[in-house]
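Here is the structure we will look at.
Numbering starts at 1 and runs along the sequence shown.
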Amino acid sequence: MMSGGYTSIDNQKVSGSVPAVSDPSHVAVKITDSNLQTFPPSGAQGKISGGTQPPHDADDTFSKPAGGSQPGSGEPQGSGWFRTFTIAAYKPYFDVDTSDIIDRLKESLFPFRGTFTEKTATNPDLYGPFWICTTLIFVAASIGTFVTYIAHKLKKKEWDYDINLVTWSAGVFYGYVTVVPLILYVILKYFSAPSGLVQLFCLYGYSLFVFIPALCLSVVPLEIFRWVIAGVAGFMSATFVALNLKAHINSAGERWFLIVTGIFLLQLALAVVLKLYLFTVTV
């Protein structure tokens, strides 16, 4: 019978069994675990890419084999010494930001702290040393040329541009920051006080930063003032390198004093060479 829009069925017999249907308003949905990666990732990651970790510089920096490719990098990795010739091998050493560079530059201007090596032990970089040397080449060549030009004009003599200033500056700064750390690395290894090669590159690169303002101040046409500036810059740079390596070189035994003294004098010699070649003007 029909009543009020509803239908009732009485005395209906149904053969067999009919499975019960649950209330459609309460449907249980089971979702399987997803393999999607969470964001942000829980693991510590470098600043360049998620697959790059800050390097831990050690005695065998460039001789550690790399197994396969790093996850998510999309770049094949070599193994052993072949990895040295891949770009990915050097990525971690450029994994720094502006605040890192500024902090390290400030540290180089306060040489008596001697904490630079400790602060950069887990993340030495090559970015700062490269640009410091490149800036020094430009500044040395341009300031040296400017000083020579002014000296000639004051005496009303003809002046010719010397392109050798650029090539000489490039050879001195790039060569110094590459060859000296390599030699020191071998010496420390011989005396059983090995240091990370990249960390030595980093230390020596930042030690040259003080010469940038020194070269700019050398435009003052007073010979005694230029000698003072070269001496102060050389002393600060030499102290910065020597004190940061002193604690590490102590493990070399009694010879540590000779090594530190040699490092100090070599930095002073660089300052003297820069003064004699770039700012000794003869007209």
Side-chain angles (χ1 to χ4, degrees), residues 46-49 52-58 61-64 73 75 81 83-111 116-144 163-186 195-216 233-234 236-238 240-241 244-245 263 266-267 270-271 273-274 277-278:
K47 297 171 183 175
I48 291 179
S49 65
T52 303
Q53 299 290 341
H56 295 280
D57 193 29
T61 301
F62 287 123
S63 59
K64 291 181 180 179
S73 63
E75 298 178 2
W81 281 99
R83 186 170 181 268
T84 306
F85 303 100
T86 62
I87 295 178
Y90 299 93
K91 257 187 179 181
Y93 303 111
F94 291 83
D95 190 16
V96 287
D97 53 27
T98 304
S99 60
D100 294 329
I101 298 297
I102 292 176
D103 288 341
R104 296 177 184 192
L105 292 177
K106 289 179 179 178
E107 193 76 19
S108 69
L109 295 177
F110 296 93
F116 181 87
T117 301
E118 179 183 351
K119 291 182 178 180
T120 60
T122 58
N123 188 24
D125 72 283
L126 298 177
Y127 180 89
F130 171 78
W131 283 111
I132 288 172
C133 290
T134 303
T135 304
L136 270 171
I137 294 168
F138 171 77
V139 171
S142 58
I143 297 296
I163 190 61
N164 291 327
L165 282 176
V166 177
T167 55
W168 184 88
S169 300
V172 167
F173 294 118
Y174 283 144
Y176 187 87
V177 134
T178 303
V179 175
V180 174
L182 280 172
I183 295 175
L184 182 59
Y185 174 79
V186 174
S195 178
L197 180 58
V198 175
Q199 190 155 8
L200 290 175
F201 286 142
C202 180
L203 176 65
Y204 269 86
Y206 281 98
S207 72
L208 299 182
F209 175 70
V210 68
F211 288 107
I212 295 178
L215 288 172
C216 293
M236 291 178 63
S237 178
F240 173 73
V241 174
N244 276 284
L245 288 177
I263 292 170
L266 191 60
Q267 290 287 107
L270 175 64
V273 169
L274 292 178
Y277 190 86
L278 292 176

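Annotation: Tyr174, atom OH; neighbour count of heavy atoms from other residues, nucleotides and ligands within 6.0 Å is above 12.
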Test side chain to side chain contact (heavy atoms under 4.5 Å, CB included) applied to Asp100 and Asp95, step by step: CA-CA 10 Å; Asp100 294 329; Asp95 190 16; over 6 Å; no
Residue pair Leu165, Tyr277: steps toward the side chain to side chain contact (heavy atoms under 4.5 Å, CB included) verdict: CA-CA 9 Å; Leu165 282 176; Tyr277 190 86; 3.9 Å; yes
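Classification of Asp125 and Arg104 as a salt-bridged pair holds, one side-chain N sitting under 4.0 Å from a carboxylate O.
Going from atom CD1 of Ile143 over to atom CG of Leu136 covers 11.5 Å, rounded to the nearest 0.5 Å. Between the CD atom in Glu107 and the CD1 atom in Ile102 there is a gap of 14.0 Å [rounded to 0.5 Å]. Expressed to the nearest 0.5 Å, how far CG of Leu200 lies from OG1 of Thr178 amounts to 12.0 Å. A distance of 4.5 Å separates CG of Leu105 from CZ of Phe209, quoted to the nearest 0.5 Å. Considering CD of Gln199 and OG1 of Thr122, their distance stands at 9.0 Å, rounded to 0.5 Å. We find the CG-OG distance between Asp103 and Ser108 to be 11.0 Å, quoted to the nearest 0.5 Å.
In this structure the side chain of Leu182 reaches within 4.5 angstrom of the side chain of Phe201, judged on heavy atoms. In this structure, Tyr176 and Leu266 have side chains that are in contact, with non-hydrogen atoms separated by less than 4.5 Å.
In terms of modelled atom types and a separation under 3.5 Å, the side chain of Ser237 and the main chain of Ala233 share no donor-acceptor contact.
Checking Tyr204, Tyr206, Phe110, Phe116 one by one against Phe240, the ring pair (Phe, Tyr, Trp, His ring centres under 6.0 Å) holds for a single residue, Phe116. Ile263 pairs with exactly one of Asn244, Val241, Val180 by the side chain to side chain contact (heavy atoms under 4.5 Å, CB included) rule, that one being Val241.
In terms of heavy atoms, Ala170 sits closest to Ile137 at CA-CD1, 3.4 Å. Minimum heavy-atom separation, Met236 to Leu109: CE-O, 3.5 Å. Scanning all heavy atoms of the two residues, the minimum distance from Ala271 to Gly234 falls at CB-CA, 3.6 Å. Nearest heavy-atom pair across Cys133 and Val177 is SG-CG2, 3.7 Å.
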